[in-house]
Amino acid sequence: MADNSAMKQQQLLSELNKKEFGKHNLMAYNNVADFRRLYVSVCKERLENNEIVLILPYYETVDSIEQQLENVGVDTNHYKRDGSLFIVDAVQQFFGSGYDFAKFLELLDDGAVKTGKVGVFVIAYLDSFFLYGDNREKLIEYERTISRIKLVHTILICAYHEARFASFSDDTKQLLRRLHNITVQ
């Protein structure tokens with residue numbers, strides 16, 4: 001990794017670590033493998049801090065994310081059993097089950113503190129909306145829905161690959177930026 005790229009990745013890690021609860025954030029990354037290494041590290045810290053972690057991968061399988069967490073010393077079976085770790089395929093979540101993701105987030109948010117957790121940390125790969133073609137309208141509907149719900153104990157990071165985000169029209173980019181509390185690119 002070049003020095004400039006390493007510095008940018010460190011800045012992303014710093015941004016991931018300092019996100020505040022109650023925030024709906026947009027993050028654009030340029031390399032899936034580098035971004036995964038960063039958020040796996042952050043997720044480990046969040047789990048050790050008694051937070052609930054929800055990861056919705058797109059470019060990797062649930063098993064590969066679990067393996068990455070295991071590689072950094074996370075006992076995924078323990079955290080899954082105690083309700084602290086959820087890893088759900090993004091495509092399945094947004095297209096397959098028909099389950100209302102916004103409602104699921106609200107339930108996690110409401111239940112976190114009641115069950116003795118500090119809060120909820122979520123990373124969702126939103127490039128998954130484009131597996132079945134151009135679903136910009138569905139993506140925008142999702143982002144609008146999420147921005148309307150009050151997630152007091154949750155940090156939600158909507159992750160987009162930089163190339164995908166750059167492909168959006170200027171109007172779409174501006175709308176997405178307005179729908180999020182913080183944007184990191």
Side-chain angles (χ1 to χ4, degrees), residues 1-21 23-97 99 101 104-105 107-109 111-112 115-131 151 153-165 182-185:
M1 192 183 298
D3 287 338
N4 203 14
S5 181
M7 219 164 68
K8 185 173 182 177
Q9 297 303 320
Q10 280 305 110
Q11 288 172 332
L12 278 175
L13 179 60
S14 175
E15 288 297 322
L16 282 171
N17 273 323
K18 68 182 184 183
K19 295 294 178 218
E20 298 174 23
F21 290 109
K23 301 291 184 191
H24 174 207
N25 310 286
L26 182 150
M27 183 169 282
Y29 59 91
N30 64 357
N31 182 292
V32 174
D34 290 343
F35 184 59
R36 181 196 61 240
R37 276 192 293 281
L38 291 172
Y39 79 72
V40 161
S41 174
V42 171
C43 288
K44 177 184 180 188
E45 289 179 34
R46 299 270 178 188
L47 287 165
E48 290 171 350
N49 189 42
N50 196 32
E51 295 177 37
I52 296 170
V53 170
L54 170 60
I55 306 169
L56 291 101
Y58 174 58
Y59 295 106
E60 298 177 274
T61 66
V62 169
D63 289 342
S64 69
I65 298 297
E66 282 185 26
Q67 186 59 57
Q68 291 297 317
L69 287 166
E70 292 280 343
N71 290 347
V72 297
V74 174
D75 182 349
T76 58
N77 287 328
H78 165 76
Y79 286 115
K80 287 189 314 186
R81 272 192 314 269
D82 85 351
S84 297
L85 177 62
F86 299 88
I87 306 171
V88 182
D89 181 89
V91 172
Q92 231 180 340
Q93 183 62 52
F94 296 127
F95 293 102
S97 67
Y99 191 83
F101 183 65
F104 180 59
L105 281 180
L107 291 171
L108 279 178
D109 188 79
T115 60
K117 299 294 182 185
V118 174
V120 182
F121 184 78
V122 181
I123 296 212
Y125 276 90
L126 296 188
D127 294 333
S128 59
F129 276 88
F130 296 89
L131 176 65
L151 299 172
H153 308 290
T154 298
I155 299 167
L156 172 58
I157 297 174
C158 297
Y160 293 87
H161 193 281
E162 282 180 352
R164 169 78 60 205
F165 194 78
I182 300 169
T183 300
V184 179
Q185 290 180 276

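Please read these numbers as outputs of a predicted model, since none were measured by experiment.
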Restricting to non-hydrogen atoms, name the atom on F121 and the atom on I123 that form the minimum distance, rounded to 0.1 Å. CE2-CG1, 3.7 Å

Looking only at heavy atoms, what is the nearest atom pair of D89 and V62, with distance? N-CG2, 3.6 Å

Sequence-distant partners of V74, side-chain contact (heavy atoms from CB on, under 4.5 Å), two or more places apart: K44, L47, L69, V72, T76, Y79

To the nearest 0.5 Å, what is the distance between CE (M27) and CD (E162)? 11.0 Å

Spatial distance of atom SG (C158) from atom CG (L26) [nearest 0.5 Å]: 6.5 Å

Any non-hydrogen side-chain atom of K23 less than 4.5 Å from a side-chain atom of L151? no

Output for pair (I55 CD1, I65 CD1), nearest 0.5 Å, gives 6.0 Å

Closest non-hydrogen contact found for I52 with G83 is CG1-O, 3.9 Å

All side-chain contact (heavy atoms from CB on, under 4.5 Å) counterparts of V118, not counting sequence neighbours: F21, N49, N50, E51

Taking all heavy atoms of Y125 and all of P57, pick out the closest pair and write down the distance. CD1-CA, 3.6 Å

Which residues pass the salt bridge (charged side-chain N to carboxylate O under 4.0 Å, His left out) test with D82, sequence neighbours left out? K117

Sorted by chain and residue number, the side-chain contact (heavy atoms from CB on, under 4.5 Å) partners of T61 (sequence neighbours excluded) come out as D63, S64

Rounded distance (nearest 0.5 Å) linking atom OH of Y39 with atom CD of E45: 15.5 Å

Under the side-chain contact (heavy atoms from CB on, under 4.5 Å) test, residues paired with D127 that sit two or more places apart: Y29, Y58, Y59, Y160, H161, R164

Quick one: does L108's side chain get under 4.5 Å of L54's, heavy atoms only? yes

State, yes or no, whether a side-chain contact exists between F86 and K80 at a heavy-atom distance under 4.5 Å. no

So N25 and I155, do their side chains get closer than 4.5 Å, heavy atoms only? yes

Measuring from N77:CG to D75:CG, what's the distance to the nearest 0.5 Å? 6.0 Å

Who pairs with H24 by ring-ring contact (aromatic ring centres under 6.0 Å, His included), at least two apart in sequence or on another chain? H180

